[in-house]
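Each chain gets a letter, A, B and so on, in the order its sequence line appears, and its residues count up from 1.
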Amino acid sequence: MLDIKRLRTEPELVAQALLRKGVTLDLDNFQQLEAKRKSVQVSSEGLQAEKKKASKLIGQFVAQGLTVDQAKEKVAEQLKDLDQQLAASAEALQQVQNEIEALMLTLPNLPHASVPDGKSEEQNLEVARVGQPRAFDFPVLDHVSLGERRQQLDFESAGRLTGSRFALMRHEIAQMHRALGQFMLDLHIEQHGYELVNVPVIVNDQTLYGTGQLPKFAEDLFRLSVEQPYYLIPTAEVPLTNLLRDSIVEPEQLPFKFTAHSLCFRSEAGSYGRDTRGMIRQHQFEKVELVQLVAADQSYQALEEMTAHAENVLKALELPYRKMLLCAGDMGFAAAKTYDLEVWLPSQNTYREISSCSNCEDFQTRRLQARVRVDGKPQALHSLNGSGLAVGRTLVAVLENYQQADGSVLVPKALQPYMRGVERILAP
RNA sequence: GGAGGAGUGGCAGAGCGGUUGAAUGCACCGGUCUUGAAAACCGGCGAGGGUGAAAGUCCUCCGCGAGUUCGAAUCUCGCCUCCUCCGCCA
């Protein structure tokens with residue numbers, strides 16, 4: 001959530017920044033609401049103060065020896081009509097505040113100054129290109145053909161067991177998938193200094209409000225049909241970032257660096273017809289997530305580091321990729337600055353997103369009340385999240401980039417220790 | 001699932017209807033003393049929000065939500081979490 005104080009003090013600036021994200025803020029409406037809120041809140045709190053005083057007065061009289069009825073008699077004049085006014089005033093206040101809150105919840109984070117203008121992914125900026133796409137002297141297969149040829153990728157069974165956009169992996173492909181997750185976790189724990197966390201994949205609505213998935217993006221989530229407001233997580237970012245909710249930490253505890261390997265669930269509403277073939281876009285997938293909670297003045301350095309941590313996975317697996325700086329209009333709701341990593345997919349002859357690393361600044365932590373004590377005063381932390389990496393898409397990239405003419409797939413050197421030394425899978 | 005018990009500030013722990021945002025201790029910060037440190041002593045020390053140029057001032061918060069009352073940390077109801085015992089279970 002945006003800082004409402006900023007909206008009050010520099011509304012034009014905020015509106016301009018929002019425009020870069022493609023959001024038009026009705027300033028007149030906002031300022032009207034604010035004016036109303038101010039007057040109603042001042043009078044409401046004034047009435048409340050009056051009532052408190054009167055009640056305390058009764059207490060004093062009783063302490064001096066009057067009976068309760070006598071005491072009430074003495075302040076009856078003051079209390080007259082107060083209740084009615086107060087009730088009306090409190091209700092009015094609640095209503096304006098609800099309206100303002102509802103408005104605030106729809107506003108995305110502001111883009112950082114270093115983020116380029118742009119409406120969609122066409123305006124994203126390529127900032128680095130690493131590795132050379134391999135030249136193939138045979139017709140390349142996509143991962144679906146590679147996997148189905150040996151009955152190790154089975155979308156038909158998954159479709160029967162559940163429905164579309166689910167995958168079933170077997171044997172060597174299932175093993176490689178598992179190995180990838182373990183390999184990534186170890187890298188982040190041992191080389192990059194992250195703490196391993198095993199998170200629940202079901203969370204309540206409050207948690208999803210904290211990171212900004214609710215209320216705006218409810219249709220992207222799977223909600224459980226139980227009495228409680230329980231949802232499947234769309235990413236481990238949700239539980240990891242919420243770990244520091246309602247807490248004030250000491251500066252020396254920073255930075256918090258969490259990693260988790262989890263299942264992720266997305267309803268993918270509104271993406272019918274996109275990436276329908278294969279494992280690129282699934283309702284259920286695995287991801288190794290990186291989350292950092294850092295001091296406000298450290299977050300942009302942390303973003304560079306965290307992106308490098310994700311890149312190190314691709315480098316270790318020797319997968320060609322490029323690093324994109326997202327333009328303002330293509331960024332997510334909570335992000336102030338985002339780098340996407342896109343891996344080369346030979347079958348599509350293009351780069352496809354495999355990681356997204358964002359600095360959310362204090363957009364999430366403000367709601368979460370995740371703070372650090374600086375000079376005795378609580379200050380909102382900055383939160384960052386990044387995929388390190390999406391495991392299913394990494395599997396796709398390995399299968400396709402390491403494929404051989406006979407339909408087999410070489411195992412990347414770095415992955416072999418995680419597959420008991422196996423050097424090749426899907427051999428004919 | 002059944003039966004009991006408990007949720008108060010960073011922690012421990014009082015308060016169980018009246019000027020209580022909350023005693024006391026520990027921790028923490030500042031000071032006195034000391035060559036220095038420790039001890040001792042003195043003082044300070046929750047969060048969120050409103051208003052104000054500021055000093056200040058006001059509101060809210062004792063797990064969460066309703067209710068009773070002029071007044072609730074204290075009473076009533078519902079929910080959540082944790083602990084103990086029984087049952088079931090991976």
Nearest whole Å is fine: how far is B:G52 P from A:K5 NZ? 13 Å
How does protein reach along nucleotides 57-69 of chain B, written 5' to 3' as B (base within reach of a heavy atom under 4.0 Å), S (only sugar-phosphate), or - (no contact)? -BSS---------
For RNA chain B, stems built from three or more consecutive Watson-Crick or G-U wobble pairs below 3.5 Å: B:1-7 with B:80-86, B:10-12 with B:24-26, B:28-32 with B:40-44, B:46-51 with B:56-61, B:63-67 with B:75-79
Around atom CD of A:E156, are there more than 12 heavy atoms of other residues, nucleotides or ligands at under 6.0 Å? no
Nearest-Å distance for atom pair CG/C1', residues A:L86 and B:C70: 12 Å
Starting at atom CD1 of A:I58, determine the distance to atom P of B:G17, rounded to an integer number of angstrom. 18 Å
Looking at A:R266 and A:E268, is any side-chain nitrogen of the basic one under 4.0 Å from a carboxylate oxygen of the acidic one? no
Using whole Å, what does the distance between atom P of nucleotide B:U81 and atom CG of A:N204 come to? 10 Å
Starting at CD of A:Q228 and ending at P of B:C79, how long is that distance when rounded to a whole Å? 12 Å
Side-chain N or O of A:R37 versus OP1/OP2 of B:U51: is the shortest distance under 4.0 Å? yes
Output yes when A:E34 and A:R37 qualify as a salt bridge under the 4.0 Å nitrogen-oxygen rule, no when they do not. yes
Report yes or no: does A:Q292 contribute a side-chain atom to a donor-acceptor pair with the main-chain N or O of A:F256 at less than 3.5 Å? no
Classify A:K377 by what it touches in the nucleic acid, base, sugar-phosphate, or nothing, heavy-atom distance under 4.0 Å. nothing
On RNA chain B, compare the nucleotides closest to A:P378 and A:Q60; which residue's is nearer the 5' end? A:Q60
Give one of base, sugar-phosphate or nothing for A:E250, where a contact means two heavy atoms less than 4.0 Å apart. nothing
Please check: side-chain N/O of A:S358 versus main-chain N/O of A:C360, any donor-acceptor pairing under 3.5 Å? no
Rounding to an integer number of angstrom, what distance separates B:C11 and B:A53 when you compare their C1' atoms? 40 Å
Among B:U51, B:G48, B:U19, the one nearest A:K56 by side-chain distance: B:U19
Whole-Å distance between B:C80 P and A:D205 CG? 14 Å
Atom CG of A:L93 and atom P of B:G49: how far apart are they, to the nearest Å? 15 Å
Could you work out the separation of B:U24 and B:A72 based on their C1' atoms and round it to a whole Å? 23 Å
In sequence, state the C-alpha distance, the side-chain angles, and the governing distance for A:R223 and A:D205, and then conclude on salt bridge (Lys or Arg N to Asp or Glu O under 4.0 Å). CA-CA 10 Å; A:R223 201 202 142 142; A:D205 55 348; over 6 Å; no
Please confirm whether A:F363 and A:F333 have ring centers closer than 6.0 angstrom. yes
Closest to the A:S55 side chain, choosing from B:U19, B:G48, B:C70: B:C70
Which residue, A:E34 or A:V62, contacts RNA chain B at a nucleotide closer to its 5' end, judged by nearest heavy atom? A:V62
Nearest-Å distance, CG (A:D246) to P (B:G48)? 11 Å
Distance between the P atoms of B:A55 and B:G67, in whole angstroms? 37 Å
Indicate whether OP1 or OP2 belonging to B:A47 is found under 4.0 Å from a side-chain N or O atom of A:R373. yes
Determine yes or no for a side-chain-to-main-chain donor-acceptor pair under 3.5 angstrom, with A:E148 supplying the side chain and A:S145 the backbone. no
Should the ring pair A:Y194 and A:H192 be called parallel, tilted or perpendicular, given that the plane angle runs from 0 to 90° and is split at 30 and 60? perpendicular
A:Y231 ring center near A:F222 ring center (under 6.0 Å): no
